[in-house]
Amino acid sequence: MLAGLPSISSPLLVDFLQGAVMSDEKTWKGPIVDAHQHFWDPITNDHPWLRPDVMIPFRYGDYSAIKRPYLPDDYRKDAAGHAVCETVYVETEWDPNTPLDETRYASGLNAHCRLPNAVVAQAWLDRDDAATVIAGQAAFPLVRSIRHKPEGPVSPKDVGRTRTLMSDERWRRGFALLEKHGLHFDLQTPWWNLDEAIALARDFPLTLIILNHAGLPADRSSEGLAGWRAAMARLAEEPNVRVKISGIGLRNRPWSVGDNRWIVEQVVAMFGADRAMFASNFPVDSLCGSFDTILSGFKRIAARYSEAEQARLFCETARQVYRTNENDRAPAHAD
């Protein structure tokens with residue numbers, strides 16, 4: 001067993017004890033830029049995975065509860081009590097035949113609701129129309145980044161037998177177009193695929209890569225945590241990588257500080273507050289906790305850091321990466 005690895009056998013006891021220790025410390029009360037959230041209306045728009053008759057394999061299990069409209073008013077109700085000033089909309093696996101329509105939709109929400117304030121758009125980098133779609137997405141004032149999940153090995157034991165799209169030359173040609181348009185790349189892949197991400201970061205040093213959901217540390221066994229930490233430490237050596245601390249809930253367990261403190265602290269130790277950012281991943285993470293539970297949990301964990309570090313984790317890193325305060329109100333259509 002690796003020294004320092006946590007146990008999740010008694011999260012409520014851990015929460016109580018750690019909460020007592022942190023009770024006299026200041027928690028963050030300043031502005032928050034939510035670096036990763038979603039809006040959708042699956043009644044009006046087509047999200048194949050949110051159709052009533054579809055249930056895909058999902059890390060939190062049954063996700064039927066989020067197959068409903070989730071719009072800025074819903075988000076504001078969930079986030080009440082937290083000073084969220086700006087948010088980053090991340091593509092929602094909208095119908096891949098009409099990716100620009102999703103960005104037009106998100107931009108329209110901004111025009112009417114003043115949320116979101118930046119967009120991570122969809123583009124399938126290995127398709128024939130990749131260049132056209134990327135150029136079209138870049139034309140929207142709110143678009144800062146592109147996401148295309150690279151799939152690949154589904155467990156550590158499969159690494160080497162299969163590869164992700166990050167090693168596919170056709171996909172990498174699409175990735176190369178991001179620099180031309182000044183776009184970042186949001187990467188969602190589990191930690192055992194991060195060696196491919198390291199190669200990608202080195203081959204494209206001028207493209208910022210933002211790792212989603214802290215590399216998905218779902219396996220909290222000693223072996224799983226050791227593998228995750230080693231992979232994340234290697235990735236942290238690449239200067240053009242940032243990381244979102246989000247989406248770290250566990251299947252069939254309510255979100256708790258006891259389960260997640262070590263993960264958060266390791267990410268901050270490896271990447272530093274100027275390269276890491278907190279995010280809600282709402283409404284997806286409503287499957288494991290309320291907005292208040294998760295954000296208050298992050299605040300309790302982060303109370304050990306200086307005020308300047310907390311400001312970066314909760315606001316300034318995301319604002320710098322996604323330029324969320326650049327467009328006070330963006331038009332609903334690209335020019």
Side-chain angles (χ1 to χ4, degrees), residues 11-12 14-39 70 72-90 110 113-118 210 213-214 242-249 254-286 288-328:
L12 296 180
V14 173
D15 272 4
F16 175 80
L17 294 174
Q18 291 175 331
V21 172
M22 306 302 284
S23 61
D24 294 329
E25 299 191 38
K26 292 183 179 179
T27 58
W28 180 248
K29 297 178 177 63
I32 294 171
V33 176
D34 189 344
H36 194 114
Q37 57 84 210
H38 310 283
F39 295 128
Y70 190 80
D73 284 347
D74 302 302
Y75 177 89
R76 287 188 168 110
K77 290 176 184 176
D78 284 339
H82 298 273
V84 178
C85 55
E86 296 145 19
T87 76
V88 178
Y89 173 105
V90 178
N110 170 276
C113 306
R114 304 183 74 83
L115 290 179
N117 309 96
I210 304 110
H213 307 328
R242 305 292 181 269
V243 61
K244 295 180 188 179
I245 305 173
S246 58
I248 57 174
W255 202 102
S256 74
V257 169
D259 281 350
N260 294 305
R261 177 186 294 278
W262 187 84
I263 296 293
V264 173
E265 291 177 347
Q266 289 298 307
V267 170
V268 176
M270 288 184 279
F271 286 85
D274 57 345
R275 297 173 60 202
M277 59 198 97
F278 287 122
S280 73
N281 194 34
F282 254 57
V284 175
D285 272 32
S286 66
C288 55
S290 70
F291 191 100
D292 181 62
T293 294
I294 294 170
L295 264 292
S296 293
F298 285 151
K299 289 178 180 180
R300 284 181 59 195
I301 295 168
R304 62 172 292 186
Y305 303 120
S306 70
E307 184 175 359
E309 289 172 313
Q310 290 186 61
R312 290 195 287 273
L313 289 165
F314 283 103
C315 179
E316 293 170 7
T317 299
R319 183 174 280 171
Q320 179 185 42
V321 168
Y322 290 107
R323 308 193 311 278
T324 50
N325 60 345
E326 184 173 287
N327 300 85
D328 182 53

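Start at 1 with the first residue, then count along the sequence. Every heavy atom of this structure was used, including side-chain atoms; hydrogens, water molecules and symmetry mates were not.
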From [options], residue fulfilling side chain to side chain contact (heavy atoms under 4.5 Å, CB included) relative to [X]:
X	options	answer
I248	D259, V264, N281, D285	V264
S280	T87, I294, L295	L295
Q310	Y305, F298, F278	Y305

Margin query: Among residues at least two apart in sequence or on other chains, which ones pass side chain to side chain donor-acceptor pair (under 3.5 Å) with N260?
Written below: R220

Next item on the list: With sequence neighbours excluded, tell me which residues meet side chain to side chain donor-acceptor pair (under 3.5 Å) with D292.
Entry: H82, S296

Next item on the list: Sequence neighbours left out, what passes salt bridge (Lys or Arg N to Asp or Glu O under 4.0 Å) with E86? Give chain and number order.
Entry: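 For E86 the salt bridge (Lys or Arg N to Asp or Glu O under 4.0 Å) partners, ignoring immediate neighbours, are R319.
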
Side chains of [X] and [Y]: does their closest heavy-atom pair fall under 4.5 Å?
X	Y	value
V33	N325	no
I210	H36	no
V284	H38	yes
R76	L115	yes
R242	M277	yes
L313	W28	no

Check: Is it the case that N110 and Y89 place a side-chain donor and acceptor less than 3.5 Å from each other?
Finding: no

Provide the closest heavy-atom pair for [X] versus [Y] in the form atom of the first, atom of the second, distance.
X	Y	value
A118	T324	CB-CG2, 3.9 Å
T317	A273	OG1-O, 2.8 Å
G249	C288	CA-SG, 3.8 Å

Notebook entry, point to check: Say you draw a straight line from SG of C85 to CG of D34; how long is it, rounded to the nearest 0.5 Å?
Noted result: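 Output value for this atom pair is 10.0 Å.
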
Item checked: Ring geometry between F291 and F282 (parallel below 30°, tilted from 30 to 60°, perpendicular above 60°) -> perpendicular

